[in-house]
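Reading through the structure tokens given below for one structure.
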Amino acid sequence: MNSVLQHDLNNFENILEKTKKQGIDFLNNLGNIPTSNKKSIDHSRELNELGLGSLAALEEFNARLAPLMVASSGPRYWGFVTGGSTPASIVGDWLTSIYDQNTQAVKAQGGVSALIEFETINLLLQLLELPKSFLGGFVTGATMSNFTCLGVARQWFGIQFGKDFAKNGISENLNIFSATPHSSSIKALSMLGIGSQNYTAIKTIEGNREAIDIVDLKKNIKSLNGKPFILISSAATVNTADFDDFEAISKLKEKYDFWWHIDAAFGGFAAVSDKYKHLVKGWEGADSITIDCHKWLNVPYESAFYLIKEQHTALQIETFQNSNAPYLGNPLENFNYLNVLPENSRRLRALPVWFSLLAYGKEGFQDIVENSVSLALDFGNALSNEGNFKLLAPIHLNNVCFTLKGEDNQEKVSQFLTNLNDTGKVFMTPTVYQDIKGIRASFVNWRTNKEDVVAVVNLMNSVFSS
Ligand SMILES: *Cc1c(COP(=O)(O)O)cnc(C)c1O
């Protein structure tokens with residue numbers, strides 16, 4: 001063994017102790033660490049011939065790289081839709097690295113870690129009150145989940161014409177409908193060879209809404225004259241957290257033949273609260289659902305899962321099978337995750353979620369969701385009552401979309417946001433909503449509280465007047 005590696009091996013406990021101590025210091029100070037910074041590095045560092053050993057590498061990390069870290073997992077990072085990490089999720093994440101299992105097969109290959117993934121999916125179905133007719137697996141994010149689900153949808157579409165797109169390539173124009181798809185679904189259409197422009201934009205409900213207009217959807221369905229189609233629907237859009245009407249879509253399912261996909265990256269968690277579960281009523285009728293865990297479940301990146309109805313497993317295997325490797329066995333007989341999703345080798349990605357669900361239970365996540373929504377409402381109300389700001393849409397769930405009051409202030413929105421983010425005390429992201437320049441604040445983090453909201457509103461007023 002190389003002498004530096006040997007030294008590290010002898011010193012393992014001390015190395016991990018130092019790392020743990022550093023982790024605790026960071027997490028205990030998270031509320032004071034800036035949410036943005038302008039520090040930079042010269043990233044042309046040369047690789048050293050002789051290894052430094054872990055502790056010297058840690059010293060260099062602390063000197064050069066640690067100062068780049070922002071409190072994106074902290075209570076006042078409201079940009080994009082960004083969760084943090086609960087204690088239990090970090091336990092699971094650390095142990096995932098420690099045990100370092102390759103999570104593929106349920107049987108054989110020496111390990112059974114895929115069973116932990118089955119168990120975790122089963123727990124998630126209970127949390128979200130979804131039926132066991134869904135099978136699921138973990139991928140890196142909602143983008144990959146959308147890709148996985150739409151990949152199977154693509155295969156389903158081909159089969160309607162007796163064609164195997166996975167084997168022979170796409171030879172029919174796909175009919176895809178969506179009203180306000182997330183950019184990652186469009187990216188998935190591009191990656192799947194369908195083409196990012198090859199979807200029909202259905203109208204949204206008139207007025208201040210991003211949800212699909214069912215009347216316009218029906219009109220488009222009728223114009224297909226019975227041909228199959230794929231519907232990409234939304235459980236919470238990123239600007240205004242608007243939901244499509246899943247009960248109405250379920251009714252259409254009784255009449256027409258289509259693949260129904262729901263991007264519920266964060267909105268799916270409405271299901272854990274009695275107050276908000278009506279928003280996803282009827283979603284169990286979907287063929288596939290995308291959900292992110294690194295957002296509202298507050299586990300570290302990279303964690304998301306797909307749910308696809310069990311009746312489509314054969315199509316899913318056709319799409320993703322890796323079975324031309326004979327040593328992996330017959331994909332229909334031996335379930336193996338590498339035959340049903342994009343990656344082959346995967347870490348035990350389910351473990352942080354498994355720990356979180358056992359540690360906090362249904363009630364823990366219900367509290368996180370309800371707290372987030374109540375803070376979004378507090379923030380929205382505070383902005384409406386201040387003279388300087390205006391909401392751009394009603395608050396459906398946990399996202400607040402607003403702008404500066406007065407049309408002549410449109411050109412100031414971007415500078416205002418830059419100045420606000422430069423304080424390092426809060427972070428929000430820009431948007432354009434119905435052709436108006438706006439700002440989004442998304443409430444997802446388990447640590448955020450009422451004091452944060454009050455402090456940010458005060459800060460916003462002072463940045464506005466300065
Ligand atoms: C965040 C998000 C995505 C993309 O998720 P990643 O985890 O970044 O891949 C997709 N859809 C919606 C609705 C989202 O909010």
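Counting convention: from 1, in listed order, for ligands and their atoms alike. Hydrogens, waters and symmetry mates are skipped; everything else that's a heavy atom, side chains included, is used.
Regarding atom 3 (C) of ligand 1, its nearest protein heavy-atom neighbour is H182 CE1, 3.2 Å. When only non-hydrogen protein atoms are considered, atom 8 (O) of ligand 1 lies nearest to T143 OG1, 4.1 Å. Of all protein heavy atoms, the one closest to atom 6 (P) of ligand 1 is A142 N, 3.5 Å.
Under 3.5 Å, the side chains of S273 and Q366 contain no donor-acceptor pair of N or O atoms. H261 and S288 form a side-chain donor-acceptor contact under 3.5 Å, judged by distance and modelled atom types alone.
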Side-chain donor-acceptor pairs of residues 197-208 under 3.5 Å, sequence neighbours excluded:
from : atom 1 : to   : atom 2 : distance (Å)
N198 : ND2    : I194 : O      : 2.8
N208 : OD1    : Y433 : OH     : 2.7
N208 : ND2    : L392 : O      : 2.9

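Counting only residues at least two apart or on different chains, the salt bridge (charged side-chain N to carboxylate O under 4.0 Å, His left out) pairs with a member in residues 415-444 are K38-D422.
In this structure, N146 contributes its side chain and S184 its backbone to no donor-acceptor pair below 3.5 Å.
Atom numbering of ligand 1 starts at 1 in the shown order; those under 4.0 Å from a heavy atom of S184 are 3 (C), 4 (C), 10 (C), 11 (N). Taking every non-hydrogen atom of D292 and a distance limit under 4.0 Å, the qualifying atoms of ligand 1 come out as 1 (C), 5 (O), 6 (P), 7 (O). Atoms of ligand 1 lying under 4.0 Å from at least one heavy atom of A265, given by number and element, are 2 (C), 11 (N), 12 (C), 13 (C), 14 (C), 15 (O). Near G141, meaning under 4.0 Å from any of its heavy atoms, are these atoms of ligand 1: 7 (O), 9 (O). The ligand atoms of ligand 1 that sit less than 4.0 angstrom from a heavy atom of H294 are 7 (O).
Checking only distances, K295 does come within under 3.5 Å of ligand 1, N or O to N or O.
Within the set V238, I291, D263, the minimum heavy-atom distance to atom 11 (N) of ligand 1 is found for D263.
Aromatic ring orientation, F402 versus F389: perpendicular (interplanar angle above 60°, classes split at 30° and 60°).
The proximity of T140 to ligand 1, defined as any non-hydrogen pair under 4.0 Å, does not occur for either the backbone or the side chain. With a heavy-atom cut-off of 4.0 Å, F266 touches ligand 1 through its side chain alone.
Residues K227 and D257 are not paired through a salt bridge, judged by the lack of any N-O separation under 4.0 Å between the basic side chain and the carboxylate.
Annotation: E363, atom CD; neighbour count of heavy atoms from other residues, nucleotides and ligands within 6.0 Å does not exceed 12.
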